[in-house]
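Everything numeric in this text was worked out from a predicted model, so none of it was measured.
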Amino acid sequence: MTDEPHIPFDLRIIYEDERIIVVDKPHFLPTTPRGMWFRSTALMRLRERYDEPDIIPAHRLDRSTAGVVVFVRDPAARGAYQMLFQRHETQKTYECIAPASVLRRPRYGVVRPLDPPAVFPLLRVSRIVKDRGTIQAYERTGVANSRTRIDIASSQDAVLFSNARHSRACMARGSRGCRDAPLLRVYKLHPASGKTHQLRVHMNALGLPILGDDIYPRLNMRPVGDFSQPLQLVARSLSFVDPYSGELRRFTSAIPLVVPQSDAQYAESSSGPR
């Protein structure tokens with residue numbers, strides 16, 4: 001393996017015992033080796049740190065997504081922890097930053113308000129397909145295989161500064177300033193399934209692409225060494241009943257949501273569907 005890019009972000013340990021290690025995976029760090037990535041992955045970092053070659057992930061996060069990931073260090077416990085995720089016996093909460101815009105009606109699937117007449121929370125249900133060898137997943141007709149509950153987060157602190165900047169831009173530049181830097185909002189996402197790019201596809205289909213997304217609504221692939229615009233999507237919390245102790249486990253990510261400070265980066269990251 002040669003010329004593997006270095007990813008300059010630490011992998012924080014949230015919890016460990018004799019069976020599992022729970023980490024706070026940073027943006028850009030792959031969960032497992034794939035393509036050009038080998039040593040610069042969460043799995044290999046853990047194996048090297050603990051000198052334990054039997055460590056494996058119980059589940060995965062996309063390279064672009066940050067947050068809580070569980071690894072199993074005891075080979076005898078692999079099946080029990082992996083089945084928690086395969087059977088959807090875990091509770092996952094994600095947070096993201098996306099436009100505070102009027103919802104767009106998706107072409108496929110269902111949007112169901114859960115507390116009408118309020119828009120949020122809502123349930124997004126659709127069929128998501130990802131073809132082999134392609135980067136983007138997409139929605140289509142057919143039996144639904146993905147469900148996400150979407151709500152507005154109770155804290156909007158992460159976007160207060162950017163929204164104040166938006167107001168100043170509107171006053172200084174008129175409507176163009178508003179278009180270039182739309183108001184943003186922090187959303188809370190609860191997936192009940194785990195299709196590839198599910199949260200990104202569901203948010204984009206509503207006209208709310210996640211800030212920093214270089215795949216949806218359109219491909220805008222950046223150089224592998226460009227860490228300036230992380231996807232503002234964090235697996236904030238994960239809870240489950242431990243299959244051995246019977247205790248309720250709950251782990252929380254400390255990785256913050258951040259709006260780019262550069263006007264150019266902000267406008268590019270927050271641009272909506274085209």
Exercise for the section: In sequence, state the C-alpha distance, the side-chain angles, and the governing distance for T65 and V234, and then conclude on side-chain contact (heavy atoms from CB on, under 4.5 Å). Expected result: CA-CA 6 Å; T65 305; V234 175; over 6 Å; no
Practice task
Under the side-chain contact (heavy atoms from CB on, under 4.5 Å) rule, what do V68 and I14 come out as? Steps first, then yes or no, please.
Solution key: CA-CA 8 Å; V68 180; I14 298 175; 4.1 Å; yes
Handout entry: Verdict with reasoning, Q136 to V201, per side-chain contact (heavy atoms from CB on, under 4.5 Å)
Key = CA-CA 9 Å; Q136 290 181 317; V201 170; over 6 Å; no
Handout entry: Residue pair F9, F227: steps toward the ring pair (Phe, Tyr, Trp, His ring centres under 6.0 Å) verdict
Key = CA-CA 10 Å; F9 304 107; F227 306 117; 5.4 Å; yes
Exercise for the section: Under the salt bridge (Lys or Arg N to Asp or Glu O under 4.0 Å) rule, what do D242 and R249 come out as? Steps first, then yes or no, please. Expected result: CA-CA 6 Å; D242 190 279; R249 306 280 194 186; 3.5 Å; yes
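The minimum heavy-atom distance linking C96 with L233 is given by the pair CB-CD1, 3.8 Å. A137 and T196 get closest at one heavy-atom pair: CB-O, 3.9 Å. When all heavy atoms are compared, the tightest approach of H27 to P230 is CG-CB, 3.7 Å. Nearest approach of K25 to V69, heavy atoms of both residues: CB-CG2, 4.0 Å. Heavy-atom minimum distance, A42 versus L11: O-CD2, 3.8 Å. Contact detail for P191 and L199: the closest heavy-atom pair is CB-CD2, 4.0 Å.
Ring-plane geometry between Y81 and F240 is classed as perpendicular, the angle between the planes exceeding 60 degrees on a 0 to 90 degree scale with a lower cut at 30.
Between H197 and Y216, the distance from one ring center to the other falls under 6.0 angstrom. Ring pair Y94/Y187: centre-to-centre distance not below 6.0 Å.
Each of V23, L29, D24 was evaluated against P26; a single residue qualifies, L29, per the side-chain contact (heavy atoms from CB on, under 4.5 Å) test. Residue P57 is tested with V72, I21, T31, L46 for a side-chain contact (heavy atoms from CB on, under 4.5 Å); the sole match is T31. Only one option out of R124, R127, K130, K195 pairs with E139 in a salt bridge (Lys or Arg N to Asp or Glu O under 4.0 Å); it is R124.
The environment of CZ in R12 is crowded: more than 12 heavy-atom neighbours from other residues, nucleotides or ligands sit within 6.0 Å. Counting heavy atoms of neighbouring residues, nucleotides and ligands inside a 6.0 Å radius, atom CZ of R107 does not exceed 12 of them. For CG of D131, the number of neighbouring non-hydrogen atoms (other residues, nucleotides, ligands) closer than 6.0 Å is greater than 12. Counting heavy atoms of neighbouring residues, nucleotides and ligands inside a 6.0 Å radius, atom CG of D226 exceeds 12 of them.
Between the side chain of Q232 and the backbone N or O of V258 there is at least one donor-acceptor pair closer than 3.5 Å. Side chain of D115 to main chain of F120: no donor-acceptor pair is present (N/O by atom type, distance under 3.5 Å, no hydrogens or angles). Between the side chain of N145 and the backbone N or O of I128, at least one donor-acceptor pair lies under 3.5 Å. R236 contributes a side-chain N or O that, together with a main-chain N or O of I255, makes up a donor-acceptor pair within less than 3.5 Å. Side-chain N or O atoms of H59 include one that pairs as donor or acceptor with a backbone N or O of V70 at under 3.5 Å. In this structure, the side chain of D17 engages the main chain of I20 through a donor-acceptor pair within 3.5 Å. The backbone N or O of W37 lies less than 3.5 Å from no partner atom in the side chain of S40, so there is not a single donor-acceptor pair.
Side-chain contact, R185 with Q156: no donor N or O sits under 3.5 Å from an acceptor N or O. For the 3.5 Å distance criterion, the side chains of R250 and T252 qualify, holding a donor opposite an acceptor. Side-chain N/O atoms of H202 and S146 include a donor and acceptor closer than 3.5 Å.
Applying the under-4.5 Å side-chain rule to Ile, Leu, Val, Met, Phe, Trp and Tyr, the cluster around V102 consists of that residue alone.
Connection of L103 to M203 is established within a shared hydrophobic cluster, with ILVMFWY side chains joined at heavy-atom distances below 4.5 Å, either directly or through further cluster members. Hydrophobic clustering (ILVMFWY, side-chain heavy atoms < 4.5 Å, transitive): I210 and I152 are in one cluster. Under the 4.5 Å side-chain heavy-atom criterion for Ile, Leu, Val, Met, Phe, Trp and Tyr, M44 and V224 are members of the same hydrophobic cluster. Tracing side-chain contacts under 4.5 Å through hydrophobic residues (I, L, V, M, F, W, Y), one never reaches L61 starting from I135; they form parts of separate clusters. Transitive grouping of hydrophobic side chains (ILVMFWY, heavy atoms separated by less than 4.5 Å) keeps V110 and L206 in distinct clusters.
In this structure, R73 forms a cation-pi arrangement with Y50, its terminal cationic atom sitting closer than 6.0 Å to the ring centre and no more than 45° off the ring axis. Geometrically, R63 does not engage F28 in a cation-pi contact defined by less than 6.0 Å to the ring centre and at most 45° from the axis.
Put simply, the side chain of V22 does not reach to within 4.5 Å of the side chain of F71, judged on heavy atoms. Taking the side chain as every heavy atom from C-beta outward, Q229 and N220 never approach each other to under 4.5 Å.
Every residue two or more places apart in sequence or in another chain was checked for a salt bridge (charged side-chain N to carboxylate O under 4.0 Å, His left out) with E18, and none qualifies. Among residues two or more places apart in sequence or in another chain, the salt bridge (charged side-chain N to carboxylate O under 4.0 Å, His left out) test is passed with R200 by D62, D213, D214.
Remark: R39 CZ to H6 NE2 distance equals 10.5 Å, nearest 0.5 Å.
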